[in-house]
2 protein chains.
Amino acid sequence: MVTIREVARVAGVSVATASRALNGLANVNVETRGRIEAAAARLDYVPHSGARSLTRRRSDTIGVILPDLFGEFFSEIIRGIDMVVHDAGKILLLGNMHGSPQETQQAIRAMRGRVDGLLVMPPNSDAATLGLTGGWRIPTVLLNARPYDGGLPFVTVDNYAGARLVTEHLVARGATRIVHVAGPQDNNDARERERGFRDVVREALGDTTPLVVPGDFRDGAGRSAARSLLARQSVFDAVFSANDLMAVELMAELRDAGIVLGSQVLVAGFDDIPLARYVTPQLTTVHSDITRVGIDGARLLLRILDGEDPGEGGRLVIAPTLAVRGSTGPAE
Amino acid sequence: MVTIREVARVAGVSVATASRALNGLANVNVETRGRIEAAAARLDYVPHSGARSLTRRRSDTIGVILPDLFGEFFSEIIRGIDMVVHDAGKILLLGNMHGSPQETQQAIRAMRGRVDGLLVMPPNSDAATLGLTGGWRIPTVLLNARPYDGGLPFVTVDNYAGARLVTEHLVARGATRIVHVAGPQDNNDARERERGFRDVVREALGDTTPLVVPGDFRDGAGRSAARSLLARQSVFDAVFSANDLMAVELMAELRDAGIVLGSQVLVAGFDDIPLARYVTPQLTTVHSDITRVGIDGARLLLRILDGEDPGEGGRLVIAPTLAVRGSTGPAE
DNA sequence: TTGAAAGCGCTACCAT
DNA sequence: ATGGTAGCGCTTTCAA
């Protein structure tokens, strides 16, 4: 492997001069620079970024720690992050977190000395548990975490607001017995969505004990939720599912049971996955710009790495919007 | 920032001993080890992986260079890679390649000294152009590239075979005038699919100049393809779209024009995206286990990094399968 | 403008 | 079992 030493030797200069020339510093004789560049090209010299990071004390690398995410969600958020990180001439180090908080904490520690900053999305544990607030600190921005968790800057979709939006919409459309299909109870997003649902149902309908069917966000959960509702012959005129995937399955199951969607029973979801527009009737849902979470999170982190103190600007809440479609009634 | 030096000082030992203890080597007195671990814990010492990589001459990091991919595709392949890489105690460095081959080559060079090996998916350029075959070499496995490109090991989905499969299916279902909606011409996958289509159409129908409508794999292309077919009043009884996304859009457009899908016109796609099962009629398509590409590619690379010469085992072709659904006729 | 040399934080070799 | 020390490949003072 050819090192800068060898380039210097071939060009007949010191490594110091070679380094300066290769990094485009001004104080190098133009003719000397030529010799060095020629030598580097001829030897096919490629700088060793690892060593470079060590001396410069920066890696130009951003660490990203995400949970196990479903298709679109994962790629969209990465796309957002990559867009801004790439433009800043940096690169991404990926650390998925399957498994326990301990394992995740391990993954985070392993990033020490490889990254300048961290983007962490902790779906079911808080910053302290992950060792983000300990003695060893690395600039970190939380994505979709509990706001104000550990005092760390964050970018988050307002799940609570989104849930309120959609529940209020169901009420406005005349629903009075709304069922909620919940997500995993250890998931922050799921809890916030359920909270928004409960609050609106209580405020608008005076219902303090609405029916909540458990779910887990995954394949199959919507189906079982529908069956369970059907089996116990629950009385309901609307369903708010904590995510679209479950909503879509539930719709299929209800329709098979002879229920007319969009009139007899209104259905709404959360996430606005591409599928939502393709089912019949199209699914009313909460749209949140997830790419935005990546973009804003990365931008925020970059600013912090530049030494800026974001202050209140380090607490970003992204407001979701309601996408009204056929599953909650005919277009107005 | 606390270094191993400090831990050693606090524990009253040399850095050498500290290093040995912290790395779990055997030749350390149990009591000494205790002191060192206690010191490390108290100081909240986290090893600097960058420095570690430099001395050990390995980073335990795998570089992944992918093009701009659509949702599912991207996440599935990353998931596959991550599964095996994670199990091997390694981590992923992500380098998306938007833009020119030059820019990509730059991204690849930037990985020198940060990764032990590379997984590269070059959709529209060959290994040589990307500098993968030059003087500076890093162990590399190609994903979904032209087979035998630069003599590098590869894992690839057999697009040609998949296209043959689906075209033969259309012929078997009685189609005689099959239109192909192609993908981008600079895309390897797209070219292979078109080639498979042309070969079967020629062999089975004797048609050497089938109608091929240009497309680009993206949103909108299926719609325009359909409109263009309708506008010029082409005669056709089947469409093979180079990917599902375009197929789904095309189906919607044809149906709006009053065409009965699955009988009047058969439609088939390629990729088997989740959406394919949710449209009506469900879309017949070619299913390729894309996660498998990630898994096998990563495994292959790991074996190479272990010093193994995979020989012929370093040339993996993954055979796609046909998923027959309603868009090519009633279930048999 | 150039070079010598001191690290960056760690591991591994060679002594003891 | 432990310590001293020479690097890993590079950047960056400090002098010249």
Side-chain angles (χ1 to χ4, degrees), chain A residues 1-37 39-40 43-61 89 109-116 135-136 138, chain B residues 1-37 39-40 43-61 89 109-116 135-136 138:
Chain A
M1 201 76 306
V2 27
T3 72
I4 200 175
R5 257 190 147 70
E6 203 159 343
V7 174
R9 195 176 50 69
V10 169
V13 296
S14 71
V15 294
T17 304
S19 171
R20 281 187 288 252
L22 264 11
N23 284 298
L25 299 203
N27 51 348
V28 179
N29 182 295
V30 57
E31 187 259 340
T32 311
R33 177 188 303 271
R35 282 210 322 278
I36 296 171
E37 282 170 349
L43 297 175
D44 199 9
Y45 167 71
V46 179
H48 188 293
S49 332
R52 193 156 194 270
S53 316
L54 192 56
T55 45
R56 304 204 38 205
R57 301 142 139 270
R58 55 181 289 180
S59 55
D60 286 324
T61 303
R109 291 168 64 103
M111 294 239 161
R112 152 102 209 267
R114 294 146 146 344
V115 304
D116 298 331
W136 170 64
I138 186 172
Chain B
M1 202 76 305
V2 27
T3 72
I4 199 176
R5 258 191 146 71
E6 203 160 342
V7 175
R9 195 176 49 71
V10 169
V13 297
S14 73
V15 293
T17 304
S19 172
R20 281 187 289 253
L22 263 11
N23 283 297
L25 299 203
N27 50 349
V28 179
N29 182 294
V30 56
E31 187 257 339
T32 312
R33 179 189 301 273
R35 282 210 323 279
I36 295 171
E37 281 169 350
L43 296 175
D44 198 9
Y45 167 71
V46 179
H48 187 293
S49 331
R52 194 155 194 270
S53 314
L54 193 56
T55 47
R56 305 202 41 201
R57 298 140 140 278
R58 54 181 291 181
S59 54
D60 286 324
T61 303
R109 292 167 64 103
M111 295 238 160
R112 152 101 210 268
R114 293 142 142 354
V115 304
D116 298 331
W136 171 65
I138 186 171

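Values below: every heavy atom of this structure, side chains too, minus hydrogens, waters and symmetry copies. Residue numbering restarts at 1 for every chain, and letters A, B, ... go by the order of the sequence lines. The model shown is predicted, which means the values in this text are computed figures rather than measured ones.
- Considering only side-chain N and O atoms, A/Arg56 lies nowhere under 4.0 angstrom from the phosphate OP1 or OP2 of D/dT11.
- When distances run from any side-chain atom of B/Asn29 to the nucleotides C/dC10, D/dC10, D/dA1, the shortest one goes to D/dA1.
- Computed from C1' positions of five pairs at each end, the angle between the two local axes of the helix from C/dT1-D/dA16 to C/dT16-D/dA1 equals 40°, rounded to 10 degrees.
- In this model, the phosphate group of C/dG9 is not approached by any side-chain N or O of B/Thr55 to a distance below 4.0 Å at OP1 or OP2.
- OP1 or OP2 of C/dG3 has at least one side-chain nitrogen or oxygen of A/Ser14 nearer than 4.0 Å.
- If you check every strand for non-hydrogen atoms under 4.0 Å, A/Ser19 touches a base.
- For the pair B/Met1 CE and C/dC8 P, the computed distance is 14 Å after rounding to whole Å.
- Residue A/Thr32 is classed as a sugar-phosphate contact, given heavy-atom separations below 4.0 Å to backbone atoms only.
- Residue A/Asn27 has no polar side-chain atom (N or O) positioned under 4.0 Å from OP1 or OP2 of C/dT2.
- Counting to the nearest Å, the P atom of D/dT2 and the CD atom of B/Glu31 are 8 Å from each other.
- The base of C/dG3 sits with one of its N or O atoms less than 3.5 Å from a complementary donor or acceptor on the side chain of A/Arg20.
- Listed nucleotides C/dA5, C/dC8, D/dC10 differ in distance to A/Leu54; the shortest reach to its side chain belongs to C/dC8.
- Between A/Tyr45 atom OH and D/dC10 atom P the separation is 4 Å, expressed in whole Å.
- Distances shown here put every side-chain N or O of B/Arg57 at or beyond 4.0 Å from the OP1 or OP2 atom of D/dG7.
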Yes or no on side-chain contact (heavy atoms from CB on, under 4.5 Å) for B/Arg20 and B/Asn27, after CA distance, side-chain angles and deciding distance?
-> CA-CA 8 Å; B/Arg20 281 187 289 253; B/Asn27 50 349; 3.8 Å; yes
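- Here C/dG7 presents its P atom at 17 Å from NE2 of B/His48, a figure rounded to the nearest Å.
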